[in-house]
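For this chain, numbers begin at 1 and follow the sequence in order.
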Amino acid sequence: MKKLINIVIVLTVCTQLSAQKIIHQEIFSPRMNKKIKTIIITPDIQPQTTYPSVYILHGFSGNPDRTIKQDIPDLVQKAQEYKTIYVLPDGNYSSWYVDSPIVKDSQYQTFIGKELVEFIDKNYPVKAEKKFRGILGWSMGGYGATNIGVIYNKTFGIVGSSCGALDFNSFGQGYAKYMVDKVLGPLLSMNPVFLTDSKIKLMAEAGQHYIFDCGTEDVQMIGMNRNFHKKLTESKIQHLYIESLGIHDDKYWSRSLSEQLTLFDKYFR
């Protein structure tokens, strides 16, 4: 009898774990007229229950599968722990998550900020209020999360960037090396609306929470993150800014993103 009870308990635990889902979908973008690979990670979904959602944007050359395996390896565990639905769209290697003025089928700002949110809201049990929807990313994704999050400030309540590329003007050779010019054109003729600094005035009245972090040995990103922090402080925009040891690699951002997701969970409560 005791052995039978133990078997029942084991089966019950396995059933509960299997209810958590990692879903691979191709979601159609009307704006780009193509399907975008997206991974949705859910907790153990319960009837008549809705959940917070976080949109997670990978860095240059990344993809959602790598995010789960390498960049945020505890993400599936966090979905269950925090009872949150995580949405991981593919950023097409180097889209920079912008609505490109020169590449017709690279309109990722609209896709993520509007089309993807509408799809998730319609098809998954997420809370509809801005308070329970966040967006974060690292490197290229930090730029994307900041700009999309602020532009769609009635959609996202909390915005996070880890070692984000927050200033194209100080990017130097990185502007061409990381293919920003392929979606935004030459830096000298780039529309200033694509500069993160152009969002500061909007951030002052957006009613959002902001988190920025960067590694102190991240030679390419630390200066621009410090400068952006300084500008936000001078503009009296409330935000959390964190520096800790680390370079621009997955060892740094796997830790920083995990910590940001913990802060997101506290915000949602």
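Across all non-hydrogen atoms, the minimal contact from Glu115 to Ser29 is OE1-OG, 2.6 Å. For Ser161 against Leu166, the heavy-atom pair with the smallest separation is OG-CD2, 4.0 Å. What you find for Asp250 and Ser254 is that their closest heavy atoms are O-OG, 2.8 Å. The two residues Met221 and Ser139 come nearest to each other via the heavy atoms CE-OG, 4.1 Å. The shortest non-hydrogen separation linking Tyr108 to Ile36 is OH-CD1, 3.7 Å. The two atoms that bring Ile200 and Ile237 nearest to each other are O-CD1, 3.3 Å, heavy atoms only.
In this structure, Pro101 and Leu184 have side chains that are in contact, with non-hydrogen atoms separated by less than 4.5 Å. Inter-residue side-chain proximity for Leu261 and Ile72 is flagged as met; some heavy-atom pair is nearer than 4.5 Å. Contact check for Leu57 versus Pro89: side-chain heavy atoms found under the 4.5 Å cut-off. The shortest side-chain heavy-atom distance between Phe132 and Thr50 does not fall under the 4.5 Å cut-off. The side-chain heavy atoms of Arg133 and Asp121, taken from C-beta on, include a pair separated by under 4.5 Å. Side-chain contact between Arg226 and Glu243 is present, with at least one heavy-atom pair separated by less than 4.5 Å. Taking 4.5 Å as the limit, some side-chain heavy atom of Pro43 sits within range of a side-chain heavy atom of Ile85.
In this structure, CD1 on Ile151 lies 10.5 Å from OG1 on Thr146, to the nearest 0.5 angstrom. Here the CE atom belonging to Met190 is positioned 11.5 Å from the CD1 atom belonging to Ile102, to the nearest 0.5 angstrom. Once rounded to the nearest 0.5 Å, the distance linking CG of Asp99 with CG of Asn147 reads 11.0 Å. Note that CG of Asp71 and CG of Leu257 are 8.0 Å apart. Values are rounded to the nearest 0.5 Å. Here the CG-CD distance, from Leu116 to Gln25, works out to 9.5 Å after rounding to the nearest 0.5 Å. Expressed to the nearest 0.5 Å, how far OH of Tyr124 lies from CD1 of Ile40 amounts to 4.0 Å.
One N or O on the side chain of Tyr252 and one on the backbone of Cys214 form a donor-acceptor pair closer than 3.5 Å. Using a distance-only test at 3.5 Å, with no hydrogens or angles considered, no donor-acceptor pair links the side chain of Thr49 to the main chain of Ile45. Of the possible donor and acceptor atoms, none in the side chain of Gln260 sits under 3.5 Å from a partner among the backbone N and O of Leu136. Remark: side-chain polar atoms of Lys78 are not paired, donor with acceptor, to backbone N or O of Tyr86 under 3.5 angstrom. A donor-acceptor pair is defined here as one N or O able to donate and one able to accept, closer than 3.5 Å; no such pair exists between the side chain of Ser95 and the backbone of Ser106. Side-chain atoms of Lys199 come within 3.5 Å of backbone atoms of Val193 as a donor-acceptor pair (strictly under, hydrogens ignored). With hydrogens and angles ignored, the 3.5 Å screen pairs no side-chain donor or acceptor of Gln208 with any backbone N or O of Ala204. Proximity of a side-chain donor or acceptor of Asn225 to a complementary backbone N or O of Ile222 within less than 3.5 Å is not detected. The backbone N or O of Thr233 lies less than 3.5 Å from no partner atom in the side chain of Lys236, so there is not a single donor-acceptor pair. When atom types are taken as modelled, the side chain of Lys37 and the backbone of His24 share no donor-acceptor pair closer than 3.5 angstrom.
Residues Ile242 and Ile158 share a hydrophobic cluster, clusters being chains of Ile/Leu/Val/Met/Phe/Trp/Tyr side chains in contact below 4.5 Å. Cluster annotation: Met179 is not connected to Val103 through the hydrophobic network of ILVMFWY side chains, with a link wherever side-chain heavy atoms come within less than 4.5 Å. Cluster annotation: Ile148 is connected to Phe119 through the hydrophobic network of ILVMFWY side chains, with a link wherever side-chain heavy atoms come within less than 4.5 Å. Cluster annotation: Trp96 is connected to Val150 through the hydrophobic network of ILVMFWY side chains, with a link wherever side-chain heavy atoms come within less than 4.5 Å. Both Ile112 and Leu202 belong to a single network of hydrophobic side chains, linked directly or stepwise wherever heavy atoms of I, L, V, M, F, W or Y lie under 4.5 Å apart.
The one candidate from Ile39, Asn63, Asp65 that meets the side chain to side chain contact (heavy atoms under 4.5 Å, CB included) condition with Asp90 is Asn63. Considering Leu88, Ile23, Val87 in turn, Val87 is the only one that fulfils the side chain to side chain contact (heavy atoms under 4.5 Å, CB included) rule with Thr38. Each of Tyr143, Phe212, Tyr210 was checked for a ring-ring contact (aromatic ring centres under 6.0 Å, His included) with Phe228, and the lone residue meeting it is Phe212.
Remark: Glu118 engages Lys114 in a salt bridge, criterion side-chain N to carboxylate O under 4.0 Å.
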- Let me see the working for Asp213 and Trp253 under side chain to side chain contact (heavy atoms under 4.5 Å, CB included), right down to the final yes or no. CA-CA 9 Å; Asp213 71 62; Trp253 61 64; over 6 Å; no

- Would you sort out whether Gln80 and Val76 count as a side chain to side chain contact (heavy atoms under 4.5 Å, CB included), showing the intermediate values? CA-CA 7 Å; Gln80 182 63 26; Val76 175; over 6 Å; no

- Task: Go through the steps for Asn92 and Tyr97 under the test side chain to side chain contact (heavy atoms under 4.5 Å, CB included), then give the verdict.
- Result: CA-CA 9 Å; Asn92 197 31; Tyr97 303 105; over 6 Å; no

- side chain to side chain contact (heavy atoms under 4.5 Å, CB included) between Leu232 and Tyr241, intermediate numbers included: CA-CA 10 Å; Leu232 293 181; Tyr241 178 70; over 6 Å; no

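The environment of CD in Gln238 is sparse: at most 12 heavy-atom neighbours from other residues, nucleotides or ligands sit within 6.0 Å. No more than 12 heavy atoms of other residues, nucleotides or ligands sit less than 6.0 Å from atom CD of Gln173. The neighbour count for Lys182 NZ, taken as heavy atoms of other residues, nucleotides or ligands under 6.0 Å away, does not exceed 12. In this structure, Lys34 places its NZ atom where more than 12 heavy-atom neighbours from other residues, nucleotides or ligands lie under 6.0 Å away.
Between Tyr178 and Phe171, the ring-plane angle classifies as parallel under the 30° and 60° cut-offs. Between Tyr267 and His209, the ring-plane angle classifies as tilted under the 30° and 60° cut-offs. Between His239 and His229, the ring-plane angle classifies as perpendicular under the 30° and 60° cut-offs.
Aromatic rings from Tyr82 and Phe268 are positioned such that their centres are separated by 6.0 Å or more. No close placement of the Phe168 and Phe194 rings is indicated, their centers lying 6.0 Å or farther apart.
Judged by distance alone, the side chains of Ser256 and Ser162 do bring a donor and an acceptor atom under 3.5 Å apart.
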